[in-house]
Q: 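Handing you this structure, nothing more for now.
Worth saying up front: this structure is predicted, and the values here are computed from it rather than measured.
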Amino acid sequence: MYKHILLAADGSTNAVRAAKEAIKIAGLSRESVIDVVFVADFEKAKEDVLHATSAEALMIERRKKIQNVEQELKNSNVSYKVTILHGTPGPEIIKYANEKKVDLVVIGSRGLNGLQEMVIGSVSHKVMKRVHCPALIVK
């Protein structure tokens with residue numbers, strides 16, 4: 001089974017749906033741990049840092065963004081931890097997943113159409129193509 005499950009979360013409803021699927025999979029084994037990964041995007045992080053009163057306040061704000069995902073995990077009684085990374089979401093998730101040798105990546109999809117995906121790119125698509133483990137994209 002999957003012992004180390006990476007759940008990419010950004011606080012969106014898509015991330016909550018992905019969390020529910022990760023919980024189902026983790027529930028199949030008592031040894032599974034869900035690693036919730038939130039990436040503080042450099043483009044958005046600059047503004048967050050400027051408005052934060054302290055490093056602690058900044059961390060609290062970032063945790064608030066994924067509180068809906070964390071609540072799902074708490075309610076399900078699965079083992080989980082939260083990891084906050086800094087950078088561009090796609091590459092950071094890929095790097096972390098490959099370095100930590102996770103067993104499965106679970107990520108939500110915004111459901112972009114072909115043109116939108118071609119123009120602005122899709123984090124889930126990039127992750128799926130470049131991680132060295134199975135990836136589950138939840139629509």
Side-chain angles (χ1 to χ4, degrees):
M1 272 287 91
Y2 302 110
K3 290 183 182 179
H4 188 183
I5 300 169
L6 185 155
L7 170 63
D10 61 3
S12 67
T13 56
N14 300 320
V16 173
R17 284 197 304 272
K20 289 177 181 178
E21 294 303 315
I23 289 165
K24 288 178 193 175
I25 294 166
L28 299 173
S29 171
R30 292 179 189 220
E31 296 175 12
S32 295
V33 175
I34 297 176
D35 192 351
V36 181
V37 174
F38 172 80
V39 180
D41 191 342
F42 276 143
E43 295 301 315
K44 298 172 188 165
K46 292 175 192 172
E47 187 176 321
D48 292 345
V49 170
L50 289 174
H51 289 52
T53 55
S54 68
E56 190 174 290
L58 183 60
M59 184 60 74
I60 290 169
E61 282 303 310
R62 289 178 175 158
R63 287 296 288 253
K64 278 184 185 177
K65 290 180 181 179
I66 58 169
Q67 72 183 3
N68 50 2
V69 168
E70 223 174 326
Q71 191 59 50
E72 288 288 334
L73 294 162
K74 284 178 186 172
N75 292 343
S76 70
N77 293 320
V78 297
S79 296
Y80 76 94
K81 69 176 187 166
V82 175
T83 303
I84 297 179
L85 304 174
H86 301 84
T88 305
E92 287 302 318
I93 293 167
I94 294 162
K95 179 180 170 189
Y96 185 83
N98 291 339
E99 285 178 357
K100 298 295 181 180
K101 294 182 173 45
V102 300
D103 299 312
L104 175 70
V105 172
V106 180
I107 187 168
S109 171
R110 290 189 294 169
L112 301 176
N113 67 36
L115 179 61
Q116 291 170 320
E117 190 172 313
M118 186 175 71
V119 174
I120 61 176
S122 163
V123 172
S124 58
H125 188 226
K126 289 174 189 170
V127 168
M128 180 191 72
K129 292 285 190 185
R130 293 179 179 91
V131 292
H132 301 146
C133 66
L136 173 63
I137 297 177
V138 181
K139 285 193 151 231

Q: Would you indicate whether the side-chain heavy atoms of Asn14 and Val16 approach each other to under 4.5 Å?
A: no

Q: Would you check if the side chain of Ser122 reaches a backbone N or O of His125 as a donor-acceptor pair within less than 3.5 Å?
A: yes

Q: Is there a side-chain contact between Asp35 and Tyr96 (heavy atoms, below 4.5 Å)?
A: yes

Q: Distance from Phe38 atom CZ to His86 atom NE2, nearest 0.5 Å?
A: 9.0 Å

Q: Under 3.5 Å, side chain of Asn98 to main-chain N/O of Val131, donor-acceptor pair present?
A: no

Q: Kindly indicate whether the side chain of Val39, heavy atoms from C-beta on, has any atom under 4.5 Å from the side chain of Thr88.
A: no

Q: Are any of the side-chain heavy atoms of Val102 and Ile5 separated by less than 4.5 Å?
A: no

Q: Can Val82 and Glu70 be said to form a side-chain contact (heavy atoms from CB on, under 4.5 Å), step by step?
A: CA-CA 9 Å; Val82 175; Glu70 223 174 326; 4.0 Å; yes

Q: Between Ser29 (side chain) and Glu31 (backbone), is there a donor-acceptor pair under 3.5 Å?
A: yes

Q: Search all heavy atoms of Glu21 against all heavy atoms of Val138 and return the closest pair with its distance.
A: CG-CG2, 3.8 Å

Q: Residues two or more places apart in sequence or in another chain: which of them pass side-chain contact (heavy atoms from CB on, under 4.5 Å) with Lys101?
A: none

Q: Are any non-hydrogen side-chain atoms of Asp10 and Lys65 less than 4.5 angstrom apart?
A: no

Q: To the nearest 0.5 Å, how far apart are NZ in Lys3 and CG in Leu104?
A: 14.5 Å

Q: Would you give the length of the straight line joining atom CD1 of Ile107 to atom CG of Leu6, rounded to the nearest 0.5 angstrom?
A: 8.5 Å

Q: Considering all heavy atoms of both residues, which atom of Ser124 and which atom of Ile137 are nearest to each other, and what is their separation?
A: O-CD1, 3.8 Å

Q: Grab the two heavy atoms, one from Ser32 and one from Ser79, that are nearest each other, plus how far apart they are.
A: O-CB, 3.8 Å

Q: Do Val105 and Met128 touch side chain to side chain, with heavy atoms closer than 4.5 Å?
A: no

Q: Is the backbone of Lys139 close enough, under 3.5 Å, to the side chain of Arg17 for a donor and an acceptor to pair up by distance?
A: yes

Q: Which residues satisfy the side-chain contact (heavy atoms from CB on, under 4.5 Å) test with Val78, sequence neighbours excluded?
A: Ile23, Ala26, Ile34, Leu73, Ser76

Q: Checking side-chain polar atoms at under 3.5 Å, does Asn68 have a donor or acceptor matched by the opposite partner on Glu72?
A: no

Q: Got a sec, which residues hit salt bridge (Lys or Arg N to Asp or Glu O under 4.0 Å) with Asp103, two or more places apart in sequence or on another chain?
A: none

Q: For Gly11 versus Ile66, what's the shortest heavy-atom pair and its separation?
A: N-CG2, 4.0 Å

Q: How many angstroms lie between NZ in Lys81 and CG in Leu7, if you round to the nearest 0.5 Å?
A: 13.0 Å

Q: Might you point out which heavy atoms bring Ala18 and Val106 nearest each other, and give the distance in Å?
A: O-CG1, 3.4 Å

Q: Calculate, to the nearest 0.5 Å, the distance between atoms NZ and CD belonging to Lys74 and Gln67 respectively.
A: 9.0 Å

Q: First locate atom CD of Glu99, then atom CD1 of Ile94, and finally report the distance between them rounded to the nearest 0.5 Å.
A: 12.0 Å

